[in-house]
Amino acid sequence: MAKPFAITLKPGSSLTNLTGTWRTERPVYVDRLPPCNHACPAGENIQGWLFHAESGDYEQAWRVLVQDNPLPAVMGRVCYHPCENSCNRGQLDAPVGINSVERFLGDEAIRCGWKFDAPATSSGKKVLIVGAGPSGLSAAYHLARMGHAVEIHEAGPLAGGMMRFGIPKYRLPRDVLDAEVQRILDLGVTLKLNTRVEHIEQTMKQGGFDAAFLAVGAHIARRTTIPAGDAAHIVDAVSVLRSMEGEDKPMLGRRVVVYGGGNTAIDVARTVKRMGAEPVIVYRRTRDKAPAHDFEIEEALQEGVMIKWLSTIKQAIDGEITVERMQLDDKGFPQPTGEYEKLEADSVVLALGQDVDLSLLEGVPGLEIKDGVVQVAPNMMTGRTGIFAGGDMVPSERTVTVGVGHGKKAARNIDAWLRGTEYTPAPRHEPASFDMLNPWYYTDAPKTVRPMLDLIRRQTTFEEVQGGLDETNALFEARRCLSCGNCFECDNCYGVCPDNAVIKLGSGKRFKFNYDYCKGCGICVSECPCGAIKMVPEET
Amino acid sequence: MGFQPVKFYQTGTYTVGNRLLAADERSVQSSEQRSNAINSGHRACQGCGEALGARYAIDAAMAASNGQLIAANATGCLEVFSTPYPESSWQVPWIHSVFGNAPAVATGIAAALKAKGKTEVRVVAQGGDGGTTDIGFGCLSGMFERNDDVLYICYDNQAYMNTGVQRSSATPPAARTATTMPVGPQPGNPFGQGKNLPEIAMAHGIPYVATATVADLRDIEYKVKRAMQMHGARYLHLFVPCPLGWGTASHDTIRIARLAKESGLFPVFEAEHGEVTGVLKIRHPVPVEDYLKPQKRFAHLFGKHAHPDMVAHIQALADRNIRKYKLLDEEVH
Ligand SMILES: Cc1cc2nc3c(=O)[nH]c(=O)nc-3n(C[C@H](O)[C@H](O)[C@H](O)COP(=O)(O)OP(=O)(O)OC[C@H]3O[C@@H](n4cnc5c(N)ncnc54)[C@H](O)[C@@H]3O)c2cc1C
Ligand SMILES: Cc1ncc(C[n+]2csc(CCOP(=O)(O)OP(=O)(O)O)c2C)c(N)n1
Ligand code: SF4
Ligand code: SF4
Ligand SMILES: [Mg+2]
């Protein structure tokens, strides 16, 4: 080529200069574990479903959610949401209202009639599930989606376990529960009601089951000996709550003393309040030591439930109880003071916790029972091969969410066991802690408060106390998510690279680095809002 | 009124892109179709703020002129790292002037285009702070005074970086450079000297003057677009940290620019015909220490032989900017 005067070299592009050779460290895209996901006992991919909710694609959000938890409308009402306590946004202003968005999605799914995808294949294996509480339902759902034939045997007249016969209607309307249970059954799960399993191995043999998952809960009310007169009316909380579901409502009189400081005590007191009685909770320790959640105590107090802290019941005789005042010692244990007080009481409701009815396991070899609960291996299998267990009957926190999580975990292990393999969970991503984020990029946005039913209706009816979010504020709340540790395609890396070394792969496909030109400055890492890029040393 | 940020779509307009924004609300930089005015393979240092700022600004100018743009470039890092003969990173028609005459060269190009009736082709001139505030100052002032149809962009990295970090009239007080060493009772660049070029430009009464930093992409894009909608002499002063000259970590370039703005030391505003028409408010106020401490060029102000009096003096300068340009929202006080 003829060159102009004084020009000796051909003009060229700088693309021939591979500046990637300057690099001593390289940026790599990572997915880190958001603290919410880490904290969710059901193992939900919260950040993952919020991502879809953020763009208004609620159905996709719901589908991602139900990969882990088939009961979002229930969960969005009764879960104690440990996810929110660990949400990184809490360090900015207030945690994302994960639970309220979950409820919105659950309600939306019911409203729109979204169904689960039917299982693609059939394994030819048959699994027995004992108990249709949250844990059993969760296991049934996951096993069915994996293609196994599932049969639930439930002793009670309706499915739901403590979600129906424990948790009161004003916190969990029954049509919501029914809809979510029915959707699981629509997968082809067989539910046999009024079918108590008396002996697990017999039932398995008779039905030709290849494996079993036990989730019988904890239903035997703990008692305490209170010296009582013949006419004293002493009942337990779970049977009171259970009879609320039947035709014959419990007869407790006007003055009802509830003994205990857990969530069950609160629920029973709030229930009898709604029936027109005047409940008094008697608890031996202080409010901050009570096992009930503080917000539940607060809601009960708002509704006019009386609470006597630092008190024990000494005796109950004919419409009257004697209460002894307690005092906390240095170790925080309540000690008697010798001071007494009398209270009018038409009945006393004991809410002192529940034990597991293990009669169906009698004579099963290899089982280990400790502290009244069944011991299970990390794969949820009991000491008896092929029999798995979860929920309230195994050692753990007793919540609906933990039960659902156990059901999922057991299902995965049962599936592997049935195939003669072992379930190996995907390796955990490293945690996405707050210091990995660049919070500058998030707009300031306070948390949306859920509406509460007015007080008069809370005291007199069983209408749901806490309202849900509507579409606009659910969307707002979803968009408060920081997407900790997971790319949400904000284009920052693509924009901030001084070397054009980030390639945008298009919507939903994220980005990749062009290591021919990346000099390893690390700006993309620093300016990634959500901590989804990290620097690693170049191999030399 | 200045750039109106979208407040709440998770990251709103703080991030480069945002999948939740409508297509017409998105930035030029977020697009795969951006012109990439300075292509990969340029020889700027790791984390160069000037390379980034130039791509932000020229891509925005390309978008605003439908790709009909000619750029003149003064000598300096931007020219040297982008165009070592015979190769170039520029993907726009681009001409290297000499160190001091980029405004005059741009004036000539604009005049030629006018003579040929090519009114759709627009002209930008660009240079470093040395080329702009010192040696090119006379040409620039003339370009302003004649109101030539040129957008001049100054990439302010606060010293002559290309020749080894010598002081310019845009070097801030107390900063260490090769020619203002941290020795004596008042170490570093003396207080009370230097030029405030944005204000000098405003004094010419030209149609548009604006400042911006590489930490606020959307603000840069807004200002370039606004400037390109006007004719006559326009001036954009872009704050671009230099990891090498400032002694900052290469990954901190944007953070440092953000701190300059948030501390009030670098006021971000725009002005039309000599009057301020908008400011970018401080979002999370920080003391000047937060900005100074990560920079080795200010290291002598801290540590064993600290100079708290000089830090206080710098803080006073920031406070004056905050008052003068009303950089804080009323309720923040
Ligand atoms: C009053 C109350 C309020 C609560 N509130 C909350 C709350 O707000 N949030 C929360 O997360 N948790 C709450 N819990 C706890 C939660 O309800 C339980 O942890 C959860 O239901 C346990 O699930 P599960 O599946 O293990 O057992 P369960 O829900 O108890 O279900 C067990 C099922 O097994 C059946 N069954 C038992 N034995 C047999 C048998 N031999 N054969 C066949 N079927 C059998 C039972 O009839 C029952 O339906 C509350 C509990 C109570 C009592
Ligand atoms: C007339 C003239 N004097 C001196 C130089 C040497 N020189 C080249 S670039 C430069 C400094 C550039 O500084 P600045 O304009 O701030 O740009 P930066 O490199 O910092 O981006 C100097 C002094 C020159 N090229 N021409
Ligand atoms: S901000 Fe989002 S991803 Fe991060 S912890 Fe909270 S809900 Fe999870
Ligand atoms: S910003 Fe660009 S050059 Fe710097 S590390 Fe990231 S990809 Fe590499
Ligand atoms: Mg310079």
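- Between B:His251 atom NE2 and A:Cys524 atom SG the span is 11.0 Å, to the nearest 0.5 Å.
- Only the side chain of A:Thr16 has a heavy atom closer than 4.5 Å to any heavy atom of chain B.
- In terms of heavy-atom pairs under 4.5 angstrom with chain A, the leader among B:Glu50, B:His284, B:Arg258 is B:Arg258.
- If you measure heavy-atom distances from A:Val496 to chain B, the contacts under 4.5 Å come from both the backbone and the side chain.
- Heavy-atom contacts from other residues, nucleotides or ligands closer than 6.0 Å to NZ of B:Lys281 number more than 12.
- For A:Cys497, the part sitting under 4.5 Å from any heavy atom of chain B is the backbone (N, CA, C, O) and nothing else.
- What you find for B:Asn39 and A:Ser14 is that their closest heavy atoms are O-OG, 3.9 Å.
- Using a 4.5 Å cut-off between heavy atoms, B:Arg55 contacts chain A through its side chain alone, with no backbone atom that close.
- To the nearest 0.5 angstrom, B:Glu87 atom CD is 5.5 Å from A:Asn17 atom CG.
- Taking every heavy atom of both residues into account, B:Arg43 and A:Trp22 meet most closely at O-CH2, 3.4 Å.
- Between chain B and the residues A:Asn438, A:Thr19, A:Thr443, the most heavy-atom pairs under 4.5 angstrom are made by A:Thr443.
- For A:Glu527, the part sitting under 4.5 Å from any heavy atom of chain B is the side chain, from C-beta outward, and nothing else.
- Looking only at distances, a side-chain donor or acceptor of A:Lys504 sits under 3.5 Å from a matching main-chain atom of B:Ser30.
- You'll find the side chain of A:Lys519 reaches within 4.5 Å of the side chain of B:His42, heavy atoms only.
- In terms of heavy-atom proximity, A:Pro498 sits nearest to B:Cys48 at CB-O, 3.7 Å.
- When every heavy atom of B:Ser40 is checked against every heavy atom of A:Tyr517, the shortest pair comes out as CB-CG, 3.4 Å.
- Ranked by heavy-atom pairs under 4.5 Å with chain A, the list B:Val28, B:Asn36, B:Leu21 is led by B:Asn36.
- Contacts of B:Ile254 with chain A are made by both backbone and side-chain atoms, with heavy-atom separations under 4.5 Å.
- The choice from A:Ser507, A:Cys493, A:Cys481, A:Gly520 that makes the most heavy-atom pairs within less than 4.5 Å of chain B is A:Cys481.
- In this structure, the side chains of A:Ser55 and B:Leu20 come closer than 4.5 Å at one or more pairs of heavy atoms.
- At a threshold of 4.5 Å between non-hydrogen side-chain atoms, the residues B:Tyr9 and A:Glu54 do not count as touching.
- Distance alone, capped at 3.5 Å, is enough to place a donor-acceptor pair between the A:Tyr494 side chain and the B:Ser31 backbone.
- Between A:Phe488 and B:Gln10, the closest heavy-atom pair is CD1-OE1, 3.2 Å.
- Heavy atoms of A:Asn514 lying under 4.5 Å from chain B are absent altogether.
- Interface residue A:Leu15: backbone and side-chain heavy atoms are both found under 4.5 Å from chain B.
- When each of B:Ser89, B:Gly47, B:Ser88 is scored by its heavy-atom pairs under 4.5 Å with chain A, the top score falls to B:Ser88.
- Because its NZ or CZ atom is not both nearer than 6.0 Å to the ring centre of A:Trp440 and within 45° of the ring axis, B:Arg255 does not count as a cation-pi partner of that residue.
- Other residues, nucleotides and ligands contribute only 12 or fewer heavy atoms inside 6.0 Å of the NZ atom of A:Lys534.
- For the options A:Val525, A:Asp444, A:Ile503, A:Leu18, heavy-atom pairs under 4.5 Å to chain B are most numerous at A:Asp444.
- The shortest non-hydrogen separation linking B:Thr15 to A:Pro529 is CG2-CG, 3.7 Å.
- Going from atom CG of A:Leu505 over to atom CD of B:Glu32 covers 8.5 Å, rounded to the nearest 0.5 Å.
- Of the listed residues (B:Ser82, B:Ala51, B:Ala44, B:Pro243), the greatest number of heavy-atom pairs within a distance under 4.5 Å of chain A belongs to B:Ala44.
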